Amino acid sequence: MTTLHAFLAFTRSSGRLVLRGDVLYWSWIGLLLLLIASGLAAYVDQLRVGLSLTAMRDPVSWAFYIGNFTFMVGVAAAAVVLVIPAYVYDWKPIREVVIIGELLAVSAILICLLFVMVDLGRPERFWHLIPGVGLLNFPRSVMAWDVIVLNLYLLINLVVVTHVVFSAFRGRHYSLRLVYPLVLLSIPMAIAIHTVTAFLYSGMASRPYWNASILAPQFLASAFSSGPAILLVVLQLLRRFTDFEIKDEAIGKIAELMAYAIFLNLFFHGAEVFKEYYSNTEHSLYTRYWFEGIGTHTTLVPYAWTAVGLQLLALVLFIVPAARRNSVTLNVGAVATYAGGYIEKGMGLIIPGFTPDTLGEIYEYSPTMHELRVAAGVFAIGFLVFTFLLRVAVPILLGQVRLAGTGTQALE
Amino acid sequence: MATPRTAHDVDDHPTSLTRRSFTTCAAAAAAGWILTACGPKRLYDVSRERLRELVGDVEREYSATYGKDVTVSAAGPQPGVLFGYALDISRCTGCRRCVYACVEENNQSRDPQVHWIRVLQMDKEHGVDFAHADQYYEPAQVPEEGKFYVPVSCQQCRDAPCTKVCPTGATWAEKDGIVVIDYDWCIGCRCCMSACPYGARHFNWKAPSVAATDVNPHMHYLGNRPRPKGVVEKCTFCIQRVREGRYPACVEVCPVGARKFGNLLDPDSEIRYIIEHERVMVLKEELNTMPKFFYFYGT
Ligand code: SF4
Ligand code: SF4
């Protein structure tokens, strides 16, 4: 059978796998579809009326959408935490779960791109960014770099996972000559996507809150804690609901790596906070706005302390080996890491950067219902894609579904 | 495109199309042709003829929309001209007439309100200090005791962070120093707003509205023509006026003569006299944006 035929069969099987499921599966899909519908309706309104439906205004011209984008770039980059030990040190137990990390990266990048899309004032003009037909301001604009690395990273991961899963479907071993260099390349790429995104902010001298060289390392540290936090939960779910074998060792290793990342993240934040408060220049206004508010303007303060609290909790739970090994405290810690990182990026990075604005105006931003609906819709699309990817990849990788004539339990 | 375009090579626009189409591979050219045929194209990438056509189209469109004769100029920069602005802080009374003259001249949206000029009230005690600035002051009479006023609009930076960050090259500096935006090319990503240290860029969060009776029919393609929703706009030194040798509207309207304008390359101009003889300063000089908007204390 030719490759083309095999690929068509692969697509058909994938479609069938996605459409097969129990009540739990369909309730999950139903929930996601509801969120997507609500997000879509909100987005259509936004297209009609404009971004005035959000709480963004001239003083705070980027906010929740771009905060989410930044956070998800981190999640996508975090796949590297698993790729490094798996391929560089050839550490077996983690190797099997790398593919899950890559599927997660694909879905996360999709979410990122959607968040940028919903934030554009003229989304129908996105093709202006395509070199050749449009005009990509490369290399001057860091945004242009971001567009390039994000799309490359997406492409690399897509190629690797498609190739690995498709090979398994045909009952063959994936080609090491293709996968190995690509996976190696994906390591610097993962670091690059988050570094370039950090440079997007730290390169702006007009915003002292971002204009710090510590921003890129801080981004990586927070990404390497919140990204694997999702994976930890996903892996345990996979272990429960499928025959996918995930060793305790793998989970333990991820948790151990996370402990370093959480600590580093808090340390970098501490370094920044020390600089701001001890030197006490005008530039500390932004940090003050985040942690204590300015005068009566205190909208963000509860977010700030929730994030700090969650991350401290996570640190304790991950640093104590017994807590890390206990599945309950481990999961509490994972959720705390994720939520803490999400608040820190979603609200704490972008908005204080703009408050007060460059002319000293204080505009208090807090997301509208509209923004929450659109954001939930975007996340739901990402989760839906991730669910479908797992739905297809897991049984094929387990050898439960194969191309007719190549395996035992052929679906054809 | 094979060659990255920067603010510098944008300037030689009318000829660049021919040069570029040779260097562009056939496929990209074909795709580009299809897209341009059905959509707008960045203004300065099109030939002079196409530009005239485009301008004619928008003239007709605006004339029909507003029921009056609208002229849209596409006048380019004059050789040997680099515009500069100076403002005498010691004279400014904070009356904000410039703000409203600018709104009328440049067809800024009345609802929602967009103001390209913002007048900041500051305490004499603090000096020029944005952290304590107030742009929403409302006393019965200006100037207020113990206060002074700093009007801020686009500083027309020589090294403009806003043009550097724009991912599509929708904003750039013209040869005569005016930083412009092509409203038909801007994708509304607002990178430039984050990068501008002077809050000079304004986004159209919803469709701007100007009543037909209020529309200033004397327009420039890169200046005061009505903007669509979802794009960024800013002060252009009244490009529609200054390229015809007139003063910007804010200079004309200022009742105390605090505002000065002219050609920085002309050694006999008033602006050069001010720079050479007054104590001039620029805002946020530490950011190295090199504004062409100078402040001075004349008295
Ligand atoms: S003041 Fe702002 S908008 Fe004007 S040129 Fe400078 S950076 Fe650009
Ligand atoms: S909003 Fe428009 S002008 Fe500003 S950076 Fe984006 S595309 Fe460029």
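In what follows, every heavy atom counts, from backbone to side chain, and hydrogens, waters and symmetry copies are set aside. Everything numeric here is computed off the predicted structure, so don't read it as measured data.
- Most heavy-atom pairs under 4.5 Å with chain A, from the set B:Val231, B:Thr168, B:Asn288: that is B:Thr168.
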Practice task
Please lay out, stage by stage, how A:His370 and A:Gln46 fare under the test side chain to side chain donor-acceptor pair (under 3.5 Å).
Solution key: CA-CA 9 Å; A:His370 172 90; A:Gln46 181 181 308; 3.0 Å; yes
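- For the set B:Ala207, B:Gly230, B:Ala133, the entry with the most heavy-atom pairs within less than 4.5 Å of chain A is B:Gly230.
- Both tests pass for A:Lys345 against the ring of A:Phe219: distance under 6.0 Å to the centre and angle within 45° of the axis.
- Using a 4.5 Å cut-off between heavy atoms, B:Leu287 touches chain A through its side chain atoms alone.
- Annotation: maximal heavy-atom pairing with chain A below 4.5 Å, among B:Cys186, B:Ala170, B:Pro112, occurs at B:Cys186.
- Heavy atoms closer than 4.5 Å to chain B are found in the backbone of A:Leu47, but not in its side chain.
- Contact of A:Asp58 with chain B is made through backbone and side chain together, with heavy-atom distances under 4.5 Å.
- Proximity to chain B (any heavy atom under 4.5 Å) is restricted, for A:Leu285, to the side chain, taken from C-beta onward.
- Of the atoms belonging to B:Ala195, heavy atoms from both backbone and side chain fall under 4.5 Å from chain A.
- Here A:Asp45 does not pair with A:Arg373 in a salt bridge; the nearest charged N to carboxylate O distance is not below 4.0 Å.
- Contact tally against chain A (heavy-atom pairs below 4.5 Å) for B:Pro197, B:Ser194, B:Cys189, B:Cys191: the top residue is B:Ser194.
- No side-chain heavy atom of B:Pro208 sits less than 4.5 Å from a side-chain heavy atom of B:Gln108.
- Cation-pi geometry between A:Arg57 and B:Phe203 is not met: the NZ or CZ atom fails to fall both under 6.0 Å from the ring centre and inside 45° of the normal.
- No option in B:Gln135, B:Lys147, B:Glu144, B:His132 other than B:Glu144 meets the side chain to side chain donor-acceptor pair (under 3.5 Å) test with B:Gln121.
- With a 4.5 angstrom heavy-atom cutoff, B:Asp134 does not touch chain A via any of its atoms.
- Taking the ring centroids of B:Tyr149 and B:Tyr137, they lie under the 6.0 Å cut-off.
- In terms of heavy-atom pairs under 4.5 Å with chain A, the best-connected choice from B:Gly199, B:Ala131, B:Cys166 is B:Cys166.
- Looking at A:Tyr201, there are no atoms closer than 4.5 Å to chain B (heavy atoms on both sides), in backbone or side chain.
- Between chain B and the options A:Glu124, A:Glu282, A:Arg207, the largest number of non-hydrogen pairs under 4.5 Å is found for A:Arg207.
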Exercise for the section: I would like to know whether A:Asp146 and A:Thr197 meet side chain to side chain donor-acceptor pair (under 3.5 Å); could you show each step before the answer? Expected result: CA-CA 6 Å; A:Asp146 218 18; A:Thr197 308; 3.1 Å; yes
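- Counting heavy-atom pairs closer than 4.5 Å to chain A, the top residue among B:Gly188, B:Pro161, B:Pro228 is B:Gly188.
- Chosen from A:Pro123, A:Ala205, A:Gly203, A:Gly121, the residue pairing most often with chain B at heavy-atom distances under 4.5 Å is A:Gly121.
- For A:Trp145, no part lies under 4.5 angstrom from a heavy atom of chain B.
- The neighbour count for B:Glu285 CD, taken as heavy atoms of other residues, nucleotides or ligands under 6.0 Å away, does not exceed 12.
- In B:Lys234, the NZ atom is crowded: over 12 heavy atoms of neighbouring residues, nucleotides or ligands sit closer than 6.0 Å.
- Looking at B:Arg118, the atoms closer than 4.5 Å to chain A (heavy atoms on both sides) all sit in the side chain, from C-beta outward.
- A distance of 10.0 Å separates CD1 of B:Ile181 from CG of B:Leu222, quoted to the nearest 0.5 Å.
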